[in-house]
Amino acid sequence: QSGAIKIGTLTPLTGVGGTYGPSMRDAILGVVAQVNEAGGILGRQIEVASEDTQTSPEAAVRAARKLIDVDGVSAILGTWASSITTAVAPLAWESKTMLMCVSGADSITKLPHQGFICRTQPNSILQIQVAGDFMVAEGATQMAWIGPQTPFAASSIDILEQIAAANGAGMESLIYEADKSTYRSEVDQILRGKPDFIMLGGYAADSTVLLRDIWQAGYEGKIIGPAYAVNAGLLDTLPSAVTEGIYTWEGAPAVNSAAYANVKAILGVDEVDPYSAQTYDHASLTILAMAAGGDSSGDTVRQNVRSISQGDGQIVESAVDGLAALAGGINYSGASGPCDFNEIGDITGTQFVFKTISGGKPSEYKRV
Amino acid sequence: MLSYLLATLTFAGVYALLALGLNVIWGMAGMINLGLAGFFALGAYASALATVALGLPIIVGIVIAIAFAAAAGALLSRLTLNLRGDYLAIVTLGFSEVIRLIAANEIWLTNGSDGIPGIPGPLRGTLTPLEFNALSCALLFAAVGLAWWMTERLRRAPFGRALRAIRDDETAAAVAGKPVRRYKVQAFAIGAGLLGLAGAAYAHFTSYVAPDIFRPLLTIYIFLALTAGGTGNTSGAVIGAFFVILILEGSRFIEPLFHGLSGAQGAALREIIIGSSLILIMRIRPQGLLAERPPKSLRTQ
Amino acid sequence: MQAGTITGLIGPNGAGKTTVFNCLSGVIPAEAGQITFDGTQITTWRPEQISQRGLVRTFQIARGFPRLTVLETLLLHGEAQPGEDVVAALFSPGRWRKREAELITRAEEVAAQLNLTHVLDNMSSDLSGGQKKLLEIGRALMGRPKLILLDEPVAGVNPTLSGEIAERIAALRETGLTFLVVEHDMEIVARLCDPVIVMAAGAKLTEGSFEEVVSDPRVQDAYLGQRA
Amino acid sequence: MDLIPQLLVNGIISGALLAIPAIGFTAIFAVLRFPNFSVASLATIGAFAGYAANVGLGLPAVPALVAAFMVAGLVGLASDEIALRPLRPYGALTAAIASIALTIVLENMVRFGFGNDLRGYDLPLVRDWRIMGVRVGPQQVQNLALALVIMAGVFAALKFSRIGKAMRAVADNPTLAELKGIDPVRVGRLTVFVAMGLVGAGGMLLGLGTSIDPLTGFRFILPIFAAAVVGGLGSIPGAALGAMVVGIGEELSLLVLSPAYKSAVGFIAIVLVLAFRPRGLLGERAY
Amino acid sequence: MMFQATDVVGGYSAADEILKGLTITADAGEIVAIVGPNGAGKSTFLKAVTGVLPELKGHIELYGTKLNGRRPRQIAQMGVAYVPQENNVFATMTVRENLEMGGYIASDPAQRISEMFERFPILAEKRGDAARTLSGGQRQILAMAIAMMVSPRLLLLDEPSAGLSPIAATQLFETIREIAAQQVSVLLVEQNAMDALNMCDRAYILTAGQNHVTGSGAHLAADPDIRRTFLGG
Ligand SMILES: Nc1ncnc2c1ncn2[C@@H]1O[C@H](COP(=O)(O)OP(=O)(O)OP(=O)(O)O)[C@@H](O)[C@H]1O
Ligand SMILES: Nc1ncnc2c1ncn2[C@@H]1O[C@H](COP(=O)(O)OP(=O)(O)OP(=O)(O)O)[C@@H](O)[C@H]1O
Ligand SMILES: [Mg+2]
Ligand SMILES: [Mg+2]
């Protein structure tokens with residue numbers, strides 16, 4: 001085999017997910033550029049083909065077909081919404097292409113994917129469990145969950161209800177319709193239960209509206225939201241009074257790691273979006289797995305992705321470092337965390353980090 | 001590459017079915033149905049549930065999908081008989097949004113926003129992906145051919161003439177003795193049946209349905225397809241659908257020619273190309289690639 | 001109205017003649033009163049039911065179908081076309097083609113009588129003003145109606161042709177058809193209509209033979225002027 | 001129920017926000033006789049113009065609003081000249097469909113220039129007032145007042161001014177209007193400019209309460225269209241009334257159904273209104 | 001000659017030639033009738049004069065200024081008023097607004113509106129009603145009044161008497177004479193041919209887009225051949 005090795009990015013560049021996709025793609029491009037500069041792998045350069053999911057499963061399937069059949073990519077990286085990952089998944093495993101996603105819906109890794117899917121986003125059950133325990137630990141007595149209908153809305157509510165019941169706290173929930181100009185009435189309704197700790201279940205766009213409405217309604221209790229929703233964009237958009245004291249959580253990015261610093265440099269930002277940290281890892285994992293297997297096929301990535309990311313090998317934090325140390329055995333640990341996968345492709349052993357916002361800036365509060 | 005072309009042609013086939021369905025409802029009978037995505041969803045979900053949850057054969061699922069969508073179309077048009085033009089448009093648009101909300105929220109039935117994966121496709125798994133795409137493409141072309149034949153036959157018949165009369169002037173058509181209500185319901189049901197068929201075909205081809213698929217963007221593409229192809233012209237509907245797919249897919253290959261664009265810019269550029277090409281084609285051929293012509297009358301034969 | 005007559009309906013502009021037609025043909029619902037046609041109550045019927053029953057009308061301000069040709073417009077008004085049924089249209093083309101051929105022959109006859117032969121392939125909105133009025137009459141003639149309501153059939157029609165149309169109407173009356181004609185052309189009314197009803201301000205003013213009504217001074221004042 | 005007053009207030013507030021772009025939309029329909037769906041992207045463009053004026057140039061809200069009006073008006077006018085006006089002779093639907101393609105183009109021009117990041121205005125935020133147990137936002141009250149003023153202004157202009165009447169004459173019968181010495185092209189341009197300006201200002205007002213991104217307008221095109229239709233297409237007071245119906249209808253829906261079905265209930269309300277008035281609340285009569 | 005149209009050729013698309021070389025003239029204050037069978041091209045000719053017809057060759061001039069090639073709006077400003085045969089009112093606007101639009105380029109619209117209300121009492125009665133709700137004849141009167149809102153030099157009337165009651169038609173013809181008396185040239189297309197010939201100074205008979213005969217109205221009305229083929233007896 002000769003010619004460049006092809007990998008594909010399939011992120012949302014337009015549509016609802018458009019806030020996230022561009023920097024997810026840039027993180028992948030950055031990794032590939034670094035590896036190419038260091039001489040590529042298997043004696044070949046790596047080429048990236050990028051397509052846009054348009055945040056539509058229908059468009060994403062067409063785009064994935066193009067990546068697989070025309071560009072001949074051996075891995076598709078960065079699918080975001082769960083419906084898109086699920087739509088693309090059969091194409092991936094049928095054509096033996098690796099698929100790495102940032103979707104959290106529990107159902108994804110239960111698909112019959114034969115190992116061709118792995119994800120860097122902890123599944124939603126785990127995420128909610130951790131956050132729910134945090135809320136109780138921070139003294140929540142009356143909890144509330146408010147968010148749009150998503151694949152993890154129902155399970156989020158279930159889990160919080162269990163946690164609340166186990167700890168003698170109250171719990172209310174409300175599923176709203178996304179893309180509205182205001183959620184005043186929804187906020188009134190959820191506040192009627194007099195919660196002292198609210199969890200947000202949406203993404204950045206609707207969380208912006210929601211937080212503003214909650215603040216205007218005069219709510220004084222605590223709020224927690226996922227870091228991908230309460231992200232730099234949201235904090236930029238809202239006056240700092242509104243976001244003061246809000247908690248965020250995410251699968252712990254290794255904030256002080258070289259990997260994290262590397263993504264910051266690639267993207268030229270101070271605060272890395274969890275999703276972009278994850279796609280940085282997607283690209284690094286793919287490249288290292290290919291190098292380890294000595295072949296550029298999707299099947300090789302599938303077979304080797306675990307051997308380079310877990311075990312007793314030398315800890316490496318970037319693809320370039322990993323390639324250098326490959327011979328002696330490596331354990332890749334990335335910007336989004338240690339990147340250890342179980343047999344169905346879920347990430348394990350994730351640490352979580354909680355932050356609080358003050359003066360419009362997040363700062364680390366606690367790790368679990 | 002071949003596999004991609006086959007898959008793309010299959011998608012074009014799905015779009016063509018949608019455009020043909022819309023052509024009956026809007027092109028021939030003049031009812032603006034902005035709820036394409038809703039009927040598409042009904043067909044897709046009906047067939048998916050029939051085959052996945054009930055384990056029925058695919059062909060039965062497809063028949064159920066057509067029947068279900070047609071019945072929904074008949075019912076919706078029955079309820080909106082005295083709405084005209086844009087007033088019907090908003091109701092049908094609302095209908096499709098309601099269908100999407102139901103699909104997302106009634107988890108017990110539709111599995112919610114997780115969607116339904118693993119919908120069987122004909123011989124999927126036994127065939128290689130390439131063979132499967134070839135088979136799907138052939139089957140869809142057969143379906144498109146059949147739908148084309150059927151709607152064209154209707155268009156040329158006095159039935160089609162009555163529909164066009166209703167489209168042009170409902171009162172005058174009624175005074176001419178045409179049972180306007182019955183015609184409208186029939187046309188809507190036939191068109192919706194085709195939309196349902198398209199949905200079922202999509203579900204079995206891609207093996208997955210989820211509420212996100214059925215956003216209004218799809219409806220927009222189909223309206224653009226029919227307008228570009230020629231509203232009221234059966235062949236125009238098919239050609240328009242292929243044309244839109246050509247633009248949607250072709251634009252992927254133009255975008256990389258521009259260097260130094262960010263991800264968002266590249267994607268934006270692609271969509272600008274898509275939108276501009278559609279406007280351009282409408283500017284060049286405002287009546288569509290194939291304009292509607294009255295069917296040749298028997299007199300001249 | 002008696003079967004087999006040509007009743008004239010005249011009256012000043014705005015008297016309500018066209019409105020009467022609109023009520024009779026079901027285009028606008030009557031607020032009170034009853035309409036009986038051929039022994040049946042049709043007061044609340046829809047327009048298509050009324051015309052299927054045999055009561056057809058023309059429009060004063062011609063309503064063409066912009067994207068139907070003149071021929072198609074005529075064919076559309078032909079009755080008993082099985083191909084208008086969806087099932088027959090799909091599955092028994094032979095049946096409707098046969099009927100279509102008959103209707104085409106009829107349409108060609110009608111068009112010839114109305115001097116429309118050379119514009120049969122025009123879109124029905126691409127006609128001269130008078131041709132549109134003629135097509136209105138053609139539409140009424142294509143069906144097999146029992147009662148035809150004509151709203152100013154010859155306004156804007158060339159006098160020579162008007163005369164021919166009048167003859168044709170008279171001939172049709174002989175075959176048992178009934179007409180109700182609104183017309184401001186007194187020559188035509190005089191030639192054709194008996195009885196003549198005069199309307200003014202939404203009510204019937206008088207009724208009688210043409211000579212009787214035109215000699216009524218109220219009619220002269222309100223309607224005819226010095227021309228009587 | 002003590003809930004109802006609060007829901008009504010919330011409904012009026014979101015209705016007022018919808019009213020301004022809905023008036024622009026319906027004004028174009030009134031004169032040019034086609035639904036111009038590019039209002040979606042022009043609302044976005046207005047929001048971004050206001051953002052550029054407010055955050056980029058540091059202007060306060062009102063001048064930023066003027067900037068939103070001007071930029072959206074001019075872009076609306078230019079894009080109409082290039083893409084839509086030549087298509088109008090081929091029918092309302094051709095123009096309407098082209099306007100959808102146009103909205104794809106314009107939205108992506110915004111994306112090309114500004115990217116997908118969320119942005120917010122640099123304006124002070126105030127907590128709500130509580131009046132007799134009902135909560136009202138000062139910002140929202142301002143929007144409501146503004147919507148009312150704009151509505152009255154546009155309505156009066158169309159109804160009574162010479163140019164307003166000329167606009168309606170062109171809408172009614174462009175050939176005859178031209179025969180009477182009216183220039184239909186100029187009248188059309190003026191309409192598009194003012195209407196798209198309103199849409200742009202409306203887009204910025206919507207952005208004030210949310211955050212803006214290239215999809216800002218697209219998110220609201222459905223309720224805007226719905227408002228105009230419920231009120232009766234082409235009727236200015238109708239659009240405002242329709243916006244209220246949609247706004248209030250959606251909020252009151254919380255009494256009966258899960259908020260996840262908010263717009264579904266809104267649509268059922270629309271269907272009900274249209275069942276009794278097939279041409280909308282203040283639309284023309286059917287015959 | 002104040003109005004002169006020579007060798008006018010034109011149609012609705014480049015392909016069809018409806019007018020095949022028409023020549024029609026009119027002097028100041030002259031009433032010129034144009035009659036002919038349905039579809040002869042009478043209305044098409046008026047559309048050619050007013051600039052509405054898309055395809056046009058030949059020469060049309062008014063007081064020495066060339067008309068063809070100009071927009072309808074400019075032609076109106078040069079003093080040409082026109083009552084079309086169809087779609088001749090603004091259906092959704094009130095009667096009063098219709099008159100205002102008729103006088104869009106008039107210098108004294110308000111005064112003229114009251115004149116019209118005086119002359120046509122039915123319009124005054126219906127001033128607040130939408131034109132769409134008028135009867136056929138009332139519409140026709142309104143269309144005439146719209147045209148009379150300006151003081152034209154050339155007035156084109158396309159079947160103004162169609163749909164009018166006999167008494168209203170008589171009044172209309174009187175009105176036309178009054179207008180002509182103010183040195184306005186009138187081109188009158190009529191199917192009410194006898195009346196038109198009797199009142200006009202000169203008449204043209206058109207067939208199939210061409211001049212058939214021309215002469216004084218009385219002369220043509222008396223010709224038995226013409227009576228039979230064009231005047232119904
Ligand atoms: N759609 C309508 N809405 C309200 N009023 C109407 C409507 N149509 C007609 N009218 C009014 O009803 C009256 C009768 O009108 P109609 O059209 O029946 O008169 P007509 O006798 O046919 O007159 P003409 O001889 O001029 O055609 C008129 O005063 C007219 O203004
Ligand atoms: N919009 C149009 N497009 C194409 N052809 C047309 C159009 N309008 C009229 N015609 C054709 O042009 C010819 C002349 O029409 P025109 O309207 O000038 O006739 P006319 O002499 O005014 O007749 P009438 O007395 O019936 O009004 C007719 O044969 C007609 O069919
Ligand atoms: Mg009448
Ligand atoms: Mg004419």
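Here is how names work: the chains are called A, B, and so on, in the same order as the sequence lines, proteins then strands, and each is numbered from 1. Here the structure is a predicted model, which is why all the values come from computation and not from measurement.
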inquiry  = Between E:Arg119 and E:Glu178, is the salt bridge (Lys or Arg N to Asp or Glu O under 4.0 Å) condition met? List the steps.
reply    = CA-CA 12 Å; E:Arg119 190 188 279 272; E:Glu178 279 172 35; 3.2 Å; yes

task = Apply the test salt bridge (Lys or Arg N to Asp or Glu O under 4.0 Å) to residues C:Lys132 and C:Glu136: give CA-CA distance (whole Å), side-chain angles for both, the deciding distance (0.1 Å), then the verdict.
result = CA-CA 6 Å; C:Lys132 283 181 188 164; C:Glu136 284 291 322; over 6 Å; no

query = By a 4.5 Å heavy-atom criterion (distance strictly below it), what part of C:Asp221 contacts chain E: side chain, backbone, both, or neither?
reply = backbone

task = Sort E:Leu164 into side chain, backbone, both or neither according to what part of it lies under 4.5 angstrom from a heavy atom of chain C.
result = both

task = Identify which of E:Gly163, E:Pro37, E:Ser43 forms the greatest number of heavy-atom pairs closer than 4.5 Å to chain C.
result = E:Gly163

note = Most heavy-atom pairs under 4.5 Å with chain E, out of C:Gly11, C:Pro12, C:Gly16, C:Gly130, belong to C:Gly130

ask   = Where does C:Ile10 contact chain E at under 4.5 Å (heavy atoms): side chain, backbone, both or neither?
value = neither

ask   = What heavy-atom pair brings E:Asn88 and E:Ala143 nearest, and what distance separates the two atoms?
value = CG-CB, 3.5 Å

query = Any idea which of E:Gly36, E:Gly39, E:Ala168, E:Ser161 has the most non-hydrogen atom pairs under 4.5 angstrom with chain C?
reply = E:Gly39

E:Glu100 with E:Arg96: basic N within carboxylate O range, under 4.0 Å = yes

query = Going by the angle between their ring planes, with limits at 30° and 60°, are E:Phe45 and E:Phe3 parallel, tilted or perpendicular?
reply = perpendicular

remark   = When the 4.5 angstrom heavy-atom criterion is applied to E:Glu159 and chain C, the contacting part is side chain

message = Could you measure the distance from the CD1 atom of C:Ile148 to the CZ atom of C:Arg139? Nearest 0.5 Å is fine.
response = 13.0 Å

query = Checking heavy atoms, do the side chain of C:Ala222, its backbone, both or neither come under 4.5 Å from chain E?
reply = backbone

